**Q** 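One structure coming up, written as structure tokens, with questions to follow.
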Amino acid sequence: MKVGIARQIASEWFHTHASTAPEFIGAYFSGSTVEMPDDALLPAASDIDLIVVTEEAEPPLKLGKFISNGALLEVTYLAWRQLSSYEEVLTNYHLAGSFRVNTIIADPSGNLRELQKQVASRFADEYWVRKRCEDVLSKIRNGLQQNLPSSAPLETRVNSWLFPTGVMTHLLLVAALRNPTVRCRYAAVREVLETNDCLSVHEELLALLGCGQLSAARIQQHVLALADTFDIAASIAKTPFFFSSDITPASRHIAIDGSLELIESGLHREAVFWIAATFARCHAILSADAPQELLQRCLPAFEALLADLGARTDVERRSRADAALRYLPKLQRTAERIMTAIKKTPGQQL
């Protein structure tokens, strides 16, 4: 399916199901497809992200992923207060990229269009790029400095190390004016580092994740084990989580087939982050909804991946987090190098 057709389906869904709500303010596209032309083919493991803006102070839980007329959509609700000034949007590295180009679907008041113009005109200014880099660094430090008790669920303790470690890629993507993608963040940052003759940094980021020396065959084994866990978690899920729609039959091809595609393309190590994240999400569902014997049956596959990453125990994960914190000065220097290179590129504002 071409991106333009998928966008049209998303727009039709919005106008049919969300545009008449009294609290509705506007809607726009977000995510990895924002800068793709309409005639581009939508990658098989990608969805169309649609943000519905509401005046509610506490918006509803995101609707998540679902199929509409053959297109996989992901719908998220966002409070207008988070978009109330262009300065706040330009500082938030998750929000700013969506307004770099005009992705607005509906905007009765005109406020979203004005916001988009303000953000787009300043997006590449060095001041705001640095502000977004500070936003990323704050998330990395705050995450890696957590010390959760051993009584916390395993998946929670794993994520307290895994996600801030993965956010390290976002610092470089933000510095390069690139979309801080979620599932393919390590593949995306590899492109940036290769362009800037910094592939050694990519190897160091993979080493911090613990997958630098893992083979394609071994990672494929982990994906196949994840597929079994995924199917079980999807079949018994009842408790709502913010990621619930990521663990459903409709989303299976993103987590499983998308990971296998990365492996087949030679980016097997770059697939590991989302494999581990999906394992953790499946186990959050299993912990909430599965009988104990089923949870224990699935646990060895998750632990095998963690063992390969050198992150099976709290002590090992603390050691990995500390290593990542020590690495931050070099990561910042690499971000500076990328920003300097962009300054010298014709047509860039940084």
Side-chain angles (χ1 to χ4, degrees), residues 1-7 9-10 30-34 36 40-50 62-76 155 162-163 166 169 179-191 206 209 211 214-237 241-286 298 301-302 304-306 308-309:
M1 180 180 293
K2 291 191 174 181
V3 171
I5 294 174
R7 285 179 181 143
I9 291 171
S30 182
S32 60
T33 63
V34 161
M36 291 183 182
L41 283 175
L42 183 67
S46 294
D47 53 23
I48 295 290
D49 292 287
L50 191 158
K62 77 173 185 177
L63 195 56
K65 292 181 174 64
F66 59 92
I67 295 174
S68 177
N69 292 328
L72 183 63
L73 312 182
E74 179 164 8
V75 177
T76 301
E155 61 276 5
L162 177 67
F163 271 88
T169 63
N179 174 47
T181 184
V182 178
R183 183 177 63 87
C184 293
R185 63 186 69 190
Y186 281 88
V189 85
R190 187 187 193 283
E191 294 178 6
L206 292 172
L209 186 61
C211 60
L214 291 184
S215 68
R218 182 56 176 159
I219 294 171
Q220 186 172 34
Q221 289 175 351
H222 287 305
V223 176
L224 297 178
L226 172 61
D228 291 337
T229 301
F230 186 103
D231 291 340
I232 292 170
S235 70
I236 58 95
F241 292 94
F242 74 91
F243 55 79
S244 288
S245 66
D246 292 329
I247 314 298
T248 64
S251 302
R252 189 184 193 274
H253 72 284
I254 294 179
I256 307 305
D257 298 342
S259 296
L260 292 174
E261 286 174 8
L262 283 173
I263 294 169
E264 290 166 4
S265 68
L267 299 173
H268 52 282
R269 299 175 302 169
E270 288 78 2
V272 166
F273 172 80
W274 202 242
I275 296 168
T278 304
F279 253 125
R281 289 177 167 187
C282 288
H283 274 269
I285 291 171
L286 292 170
C298 294
F302 188 24
L305 173 61
L306 295 175
D308 277 356
L309 299 180

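All figures in this text were calculated on a predicted structure; none of them were measured in a lab.
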**Q** Show, in sequence, the C-alpha distance, side-chain angles and deciding distance for Ile236 and Leu286, and conclude whether the side-chain contact (heavy atoms from CB on, under 4.5 Å) test is met.
**A** CA-CA 8 Å; Ile236 58 95; Leu286 292 170; 4.1 Å; yes
**Q** How about Leu226 and Thr278: do any of their side-chain heavy atoms sit closer than 4.5 Å?
**A** yes
**Q** Before accepting this row, confirm whether a basic side-chain N of the pair Glu270/Arg185 lies closer than 4.0 Å to the acidic partner's carboxylate O.
**A**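 No, no charged N to carboxylate O under 4.0 Å.
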**Q** Search all heavy atoms of Phe243 against all heavy atoms of Ala284 and return the closest pair with its distance.
**A** CZ-CB, 3.8 Å
**Q** For Met1 and Gly70, work out which heavy atoms get closest and say how close.
**A**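 Here Met1 and Gly70 meet closest at CE-O, 3.6 Å.
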**Q** Atom CH2 in Trp274, atom CZ in Arg183: separation rounded to 0.5 Å?
**A** 9.0 Å
**Q** Going through the checks in order, is the side-chain contact (heavy atoms from CB on, under 4.5 Å) test met by Ser30 and Leu50?
**A** CA-CA 6 Å; Ser30 182; Leu50 191 158; over 6 Å; no
**Q** Suppose we screen for side-chain contact (heavy atoms from CB on, under 4.5 Å). Which residues come up paired with Val3, at least two apart in sequence or across chains?
**A**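 With neighbours one apart ignored, the set is Arg7, Met36, Ala40, Leu42.
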**Q** Just to verify, what does Ser46 make a side-chain hydrogen bond (donor to acceptor under 3.5 Å, both in side chains) with, not counting sequence neighbours?
**A**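 None.
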**Q** Should Leu41 and Lys2 be marked as a side-chain contact (heavy atoms from CB on, under 4.5 Å) after you check the CA-CA gap, both sets of side-chain angles, and the distance that decides it?
**A** CA-CA 4 Å; Leu41 283 175; Lys2 291 191 174 181; 4.1 Å; yes
**Q** Under 3.5 Å, which donor-acceptor pairs link side chains of residues 250-257 to any protein atom two or more places apart or in another chain?
**A**
residue : atom : partner : partner atom : Å
Ser251  : OG   : Ser245  : O            : 2.6
Ser251  : OG   : Thr248  : OG1          : 3.3
Arg252  : NE   : Asp231  : OD1          : 2.7
Arg252  : NH2  : Asp231  : OD2          : 3.2
His253  : ND1  : Ala250  : O            : 3.3
His253  : NE2  : Ala44   : O            : 2.9

**Q** In Å and rounded to the nearest 0.5 Å, what is the CG to CZ distance from Leu72 to Phe66?
**A** 8.5 Å
**Q** Can you find a heavy atom in the side chain of Asp308 that is under 4.5 Å from one in the side chain of His222?
**A**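 Answer yes - side chains close enough.
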**Q** Once rounded to the nearest 0.5 Å, what's the spacing between atom OH of Tyr186 and atom CG of Leu262?
**A**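 Here the interatomic distance stands at 13.5 Å.
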**Q** Would you say that Gln220 contacts Leu260 through its side chain, given a criterion of any heavy-atom pair below 4.5 Å between the two side chains?
**A**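 With C-beta onward as the side chain, the pair touches.
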**Q** For Ser235 versus Ile232, what's the shortest heavy-atom pair and its separation?
**A**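 Nearest pair, atom of Ser235 first, then Ile232: OG-O, 2.7 Å.
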**Q** Flag the pair Lys65 / Asp246 as yes when at least one side-chain heavy-atom distance between them is below 4.5 Å, and no otherwise.
**A**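 The answer is yes; the side chains approach within 4.5 Å.
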**Q** Let me confirm one number: the CG-OG distance from Asn179 to Ser32, rounded to the nearest 0.5 Å.
**A**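 Answer for the CG-OG pair, Asn179 versus Ser32, is 6.5 Å.
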**Q** Can the ring centres of Phe230 and Phe279 be said to be less than 6.0 Å apart?
**A** no
**Q** Provide the closest heavy-atom pair for Ser68 versus Ile9 in the form atom of the first, atom of the second, distance.
**A**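 For Ser68 versus Ile9, the nearest heavy atoms are O-CG2, 3.1 Å.
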**Q** Take Thr33 and Asp49, measure what side-chain contact (heavy atoms from CB on, under 4.5 Å) needs, and give me the verdict at the end.
**A** CA-CA 8 Å; Thr33 63; Asp49 292 287; 5.7 Å; no
**Q** Quick check: closest heavy atoms across Val272 and Leu309, and the distance to 0.1 Å?
**A** CG1-CD2, 3.8 Å
**Q** Determine whether Phe273 and Thr169 make a side-chain contact, defined as any pair of heavy atoms from C-beta on separated by less than 4.5 Å.
**A** no
**Q** Any donor-acceptor pair under 3.5 Å linking the side chain of Ser215 with the backbone of Arg218?
**A**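 Indeed, once roles are kept as given, a pair shorter than 3.5 Å links the two residues.
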**Q** Of the non-hydrogen atoms in Ala280 and Glu155, which two are nearest, and what is the gap between them?
**A**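 Shortest heavy-atom contact: O-CB, 3.4 Å.
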**Q** From Glu74 CD over to Asp47 CG, what is the distance, rounded to the nearest 0.5 angstrom?
**A**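 Separation between the atoms: 5.0 Å.
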